[in-house]
Amino acid sequence: MKKVIFFVAICFSFLNQSSAQSQTSASNLYKGTVDGKTPVTFYIKTQENQCTADLDYIAIYRYKSNKWIYLNVTQNRKVENEFIMVEHGFSGALMLKKIGNTFSGLWISPDTKKQLKIEVKETSMTKKEIENYEQTLERVSFENNDC
C-alpha cells in the first residue's frame, strides 16, 4: 500500500511540474518619458492564460513620484500590438502600440481634456532588479485587487 501511495504521489508531482513548466511567463521593464520630459517606468509581466492560452498582462508604472500605479491591461484581439491600459481607480488611461521593444502612444485623462505622448523602450534588468520589481508588482496588485 505504501508503494502505491508513493507511486501516485510521484505521478501527481510530475504532472504538476509539467503543467507549471508549460506555462509561459516573461517580465519586461520599460523606461522613457511622458510628454517628452517626465520620466516614466513600466514593469509588465506577461503570462499564458491557463483557460484560453491567450496572453494576459499584469502591469504597474510610475511617473513624477515613487508611487506605483496598477494598470488593467487589455490587448486588442484584432490588432496584436495595440493595448489599452487603464489606471486602477480610472485616474487615466494609456493607448499604446508596441513596435519591437518600444511602446508609444498617449496617456489620456478621464475627461479626455489632457492627452500626453508617452514613449518607453525596453531596458535590461539584473536578477536582483527582477526580484524587486516582482515583489513590487505583487504588493501593488494585492493592494488594488484584494477583497
Can you tell me how far [atom2] of [Y] sits from [atom1] of [X], rounded to the nearest 0.5 angstrom?
X: Glu131; Y: Thr126; atom1: CD; atom2: OG1; result: 8.5 Å
X: Ile60; Y: Thr41; atom1: CD1; atom2: OG1; result: 10.0 Å
X: Asn145; Y: Asn72; atom1: CG; atom2: CG; result: 7.0 Å
X: Arg62; Y: Thr136; atom1: CZ; atom2: OG1; result: 7.5 Å
X: Phe42; Y: Trp68; atom1: CZ; atom2: CH2; result: 9.5 Å
X: Ile130; Y: Leu137; atom1: CD1; atom2: CG; result: 13.0 Å

Quiz item: ring pair (Phe, Tyr, Trp, His ring centres under 6.0 Å): which pairs involve residues 94-125, sequence neighbours left out?
Solution: Tyr30-Phe103, Phe83-Phe103
Quiz item: Under the criterion side-chain contact (heavy atoms from CB on, under 4.5 Å), which of Leu106, Val40, Leu71 is the partner of Leu94?
Solution: Leu71
Self-check item: Pair Met85-Tyr61, side-chain contact (heavy atoms from CB on, under 4.5 Å): steps then yes or no
Solution: CA-CA 10 Å; Met85 302 179 185; Tyr61 86 121; over 6 Å; no
Exercise. Describe, in one word, how the ring planes of His88 and Tyr70 are oriented to each other, choosing from parallel (under 30°), tilted (30 to 60°) and perpendicular (over 60°).
Key: perpendicular
Quiz prompt | Backbone of Lys37 reached by a side-chain donor or acceptor of Asp35 within 3.5 Å | solution = no
Quiz prompt | Exercise: identify the closest heavy-atom pair between Gly92 and Pro110 | solution = N-CG, 4.0 Å
Quiz item: What closest approach, in Å, do Ala59 and Ile44 show between heavy atoms, and which atom pair accounts for it?
Solution: CB-CG1, 3.8 Å
May I ask whether [X] and [Y] are part of the same hydrophobic cluster, defined by side-chain heavy atoms of I, L, V, M, F, W, Y residues being less than 4.5 angstrom apart, directly or through others?
X: Phe90; Y: Ile108; result: yes
X: Met95; Y: Ile69; result: no
X: Met125; Y: Val140; result: yes
X: Tyr43; Y: Tyr57; result: no

Quiz item: So do the side chains of Leu29 and Glu129 get within less than 4.5 Å of each other, counting heavy atoms only?
Solution: no
Quiz prompt | Whether over 12 other heavy atoms sit under 6.0 Å from Glu138 CD | solution = no
Self-check item: Lys/Arg-Asp/Glu bridge criterion (N-O < 4.0 Å) met for Arg139, Glu143
Solution: yes
